[in-house]
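Please find one structure pasted underneath; my questions will follow.
Chain A is the first sequence line, chain B the second, and so forth, proteins listed ahead of strands; every chain is numbered from 1. For the numbers below, each heavy atom of this structure counts, side chains included, while hydrogens, waters and symmetry mates do not.
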2 protein chains.
Amino acid sequence: MVTKAQKEEQLRAKVLKVAQQLFQQYGLQKVTMDDVARAIGKGKSTLYYYYKSKEEIFDAVVEHEIKDMLAHLRTALAQADTASAKLETFVLTKLRIMRQKVALYNLLYEDITRHYVQEFSERIRQHYLQTEVLMIKEILQLGVDTAEFKGITDLNLDQVAFVLTSGISGIEQHTLLSEQFGPAEENVKLLSRILVQGLKR
Amino acid sequence: MVTKAQKEEQLRAKVLKVAQQLFQQYGLQKVTMDDVARAIGKGKSTLYYYYKSKEEIFDAVVEHEIKDMLAHLRTALAQADTASAKLETFVLTKLRIMRQKVALYNLLYEDITRHYVQEFSERIRQHYLQTEVLMIKEILQLGVDTAEFKGITDLNLDQVAFVLTSGISGIEQHTLLSEQFGPAEENVKLLSRILVQGLKR
DNA sequence: TTTCGACCAAAAAAGTTTTATGGTCTAAAA
DNA sequence: TTTTAGACCATAAAACTTTTTTGGTCGAAA
């Protein structure tokens, strides 16, 4: 027997699931609340019983995608032993997942940054940046703890993590846009290798 | 006595100079051919005697700015002795010049990428990228030649140069937008230091 | 408590009119 | 012969108006 609270939670989850599918099918900006309501067989105002606003639904979908991406990253990182292996795994896995999301949502690479900056809320962007910087920081901390990264023991790991995060995303952006200097995978691996060497000293 | 050809060249140069000043004063998109013509005291169709189109004038102004920026970079690099000193000088000087241009043209940092991608011609963007990659490659070549950079002797320097260029510009973009992880100068120096350590191995 | 049709206000889209602008032409001036 | 510019064209952009869409609310019914 399903409780009232469970039924409500099921409907809330269904709204997000359906919204996500519609976003993928029609694009992030084309989907209306009416679309979502029809797709789950309810009236539009019903959505406002379960969610405060369209933005709340949109943010929840985005957060779910990000959480999914971060989960994949953590799973992949868990299978790498050393800090340097983890850094390489990080850049490659992130690139792979980005390609998948781009294909799934039928986006152009050019549009990723525009969507990210203009439509994702500041809170989500901040949270994502903080989380990514934190993942890199954990890798760096492991490198310091295992004496693999001797070159940064005197540095602020938050700042180092941020610098690496930014550099990596610069590579992602440039090489996804144009692979005239070789495949994106090779480029991010090369950066990872140089960075690792730099961290080890 | 000034020859006809010299007079023509003077007028061509004056058109560019005035166009540049107007772009700085009113923004890259607001200036009309009529504006430029009035500012040099001629009729609009006169401009078309000296230039093929507005785009040709715009491109010439942009190319002049880029040439100016690259000249400053080269001057600064010439004063650094070692490859690692040159890399650090490169990232710091580039950052400084970008701040100057942003102030001069009254731009927002957010708009730099948008202008660069949407308004600068593909040819100019390609040329600029190639030139920047080449400058970095020369630094890397010097590092290899002086045995300062032992870690990349087996690599394709074009690709390494591109990877560094992209990573550096990722840092520039992120830290110019938000200095929550410390001043942009510190961040680019930190990246430079880590990269240099990585290149040395 | 949950649902929804009717409704509202504002935004977005579509359509129309007016103005601006890149560019050309041809004749006049130098 | 070279340089210049006013008039003009076609298109784009801007401004304005009308229509449609959409996020969100309300109150009543289930």
>> Treating primed atoms plus P, OP1 and OP2 as sugar-phosphate and everything else as base, which nucleotides of nucleotides 24-30 of chain C get B, S or - for protein heavy atoms under 4.0 Å?
In response: BB-----
> For DNA chain D, which nucleotides open and close the run of contacts to chain B, 5' to 3', at under 4.0 angstrom from a non-hydrogen atom?
Replying inline: D/dT2 to D/dG6
>> With a 4.0 Å cut-off on N to O distance, would you call A/R125 and A/E122 a salt bridge?
In response: yes
> Roughly how many Å is it from CG in A/L47 to C1' in C/dC4, rounded to a whole number?
Replying inline: 11 Å
> What integer distance in Å separates A/D34:CG from C/dA11:P?
Replying inline: 19 Å
>> At 4.0 Å (heavy atoms only), tell me whether A/Y50 reaches a base, stays on the sugar-phosphate, or touches nothing.
In response: sugar-phosphate
>> I'd like to know whether B/H64 forms a side chain to side chain contact (heavy atoms under 4.5 Å, CB included) with B/L16, so could you lay out the CA-CA distance, the side-chain angles of the two residues, the decisive distance to 0.1 Å, and finally the verdict.
In response: CA-CA 9 Å; B/H64 180 269; B/L16 293 192; over 6 Å; no
> NZ of A/K7 versus C1' of C/dT3: gap in Å, rounded?
Replying inline: 12 Å
> Any side-chain heavy atom of B/L77 within less than 4.5 Å of one from B/E138?
Replying inline: no
> For the pair made of NZ in A/K42 and P in C/dG5, what is the distance, rounded to whole Å?
Replying inline: 12 Å
>> Under a 3.5 Å cutoff, is there a donor and acceptor pairing between the side chains of A/S121 and A/E55?
In response: no
> Where is the tightest heavy-atom contact between A/D158 and B/F181, given as atom of each residue plus distance?
Replying inline: O-CD2, 3.9 Å
> To the nearest angstrom, how far is B/I57 atom CD1 from C/dG23 atom C1'?
Replying inline: 12 Å
>> Using a strict threshold of under 4.0 Å (side-chain N to carboxylate O), is an ion pair present between A/D68 and A/K101?
In response: yes
> Between B/Q29 and B/F58, is a side chain to side chain contact (heavy atoms under 4.5 Å, CB included) present by the stated rule, with each step listed?
Replying inline: CA-CA 10 Å; B/Q29 285 174 299; B/F58 181 82; over 6 Å; no
>> Pick the closest DNA chain D nucleotide for A/K54 and for B/E8 by heavy atoms, then say which residue is nearer the 5' end.
In response: B/E8
>> What verdict does the side chain to side chain contact (heavy atoms under 4.5 Å, CB included) test give for A/E65 and A/Q20, after you've listed the backbone C-alpha separation in whole Å, the side-chain angles of each residue and the deciding distance to 0.1 Å?
In response: CA-CA 9 Å; A/E65 290 290 357; A/Q20 182 183 34; 2.6 Å; yes
